[in-house]
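Data block below; observations after.
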Amino acid sequence: DAGVIQSPRHEVTEMGQEVTLRCKPISGHDYLFWYRQTMMRGLELLIYFNNNVPIDDSGMPEDRFSAKMPNASFSTLKIQPSEPRDSAVYFCASSLLGAGANVLTFGAGSRLTVL
Amino acid sequence: RKEVEQDPGPFNVPEGATVAFNCTYSNSASQSFFWYRQDCRKEPKLLMSVYSSGNEDGRFTAQLNRASQYISLLIRDSKLSDSATYLCVVNTGTGRRALTFGSGTRLQVQP
């Protein structure tokens, strides 16, 4: 299995621009998570999905952030408009219910820099 | 108070040393506990689960103390390759699948 695939790996953009991060979970996994990591705040959960349905989006910082999962093999995290404080590494992770509760497999991350 | 707290370190130890990390969690209803390892500029990876009775995986031993709400990780005979950040991870809600990560403890094993 190729694991969790994220793109882009690096993105540099200017304040005000729209940013779209993409994630392909491991085939067959029924949970998908978006986390953000910064030096100051560590790893923070933004949102997670179960069978493509958003379950908890309480970690989404504000309305500028949105996430979708149109099918079992694809999810996006969108920031519009982006701000310098959004600079972070964004990780997508997936897991399978019953395969060891809460064992997450992470993607390599998308490093976002907003100038 | 943070849900999961760890000493950020760094812990600088020589090869062959034994080193221990502790982590405290605030929600007494927490049910699942893990240690993840994160190498510099890489993604976190599961190191081991933590069971109530304590568990061992090679040179690594994890223990849980529910009464005091802390978990620990002991690494024996440290190797250079153990240098990484160790993340304490807790499931903090009944039926909630998402994990809460501590900020991590950095370990640097020196030759």
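Treat the numbers as computed from the prediction; the structure is a model and nothing was measured. Letters A, B, ... mirror the listed sequences (proteins, then strands); counts begin at 1.
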Could you tell me whether B:E56 atom CD has more than 12 heavy atoms of other residues or ligands within 6.0 Å of it? yes

Verify the neighbour count for atom CZ of B:R37: are there more than 12 heavy atoms of other residues, nucleotides or ligands below 6.0 Å? yes

Would you compute the distance between atom CG of A:L104 and atom OH of B:Y36 and round it to the nearest 0.5 angstrom? 4.0 Å

Given B:K45, B:K2, B:R41, the one with more heavy-atom pairs under 4.5 angstrom with chain A than any other is B:R41

Checking heavy atoms, do the side chain of A:E44, its backbone, both or neither come under 4.5 Å from chain B? neither

Centres of the B:F101 and A:F106 rings: under 6.0 Å? yes

Nearest atoms (heavy-atom pairs only) where A:F91 meets B:K42: CZ-O, 3.8 Å

Could you grab the distance from atom CG of B:L99 to atom OG of A:S95, nearest 0.5 Å is fine? 8.0 Å

Path from A:F33 to B:L46 over hydrophobic side-chain contacts below 4.5 Å: yes

Would you say CG of A:D63 has more than 12 non-hydrogen atoms from neighbouring residues, nucleotides or ligands within 6.0 angstrom? no

Looking at A:Q37, I want to see if its CD is surrounded by more than 12 non-hydrogen atoms of other residues, nucleotides or ligands under 6.0 Å. yes

Options B:G102, B:G104, B:P44, ranked by heavy-atom pairs under 4.5 Å with chain A, top entry: B:P44

Would a hydrophobic clustering, with Ile, Leu, Val, Met, Phe, Trp and Tyr connected at side-chain separations under 4.5 Å, put A:L45 with A:L43? yes

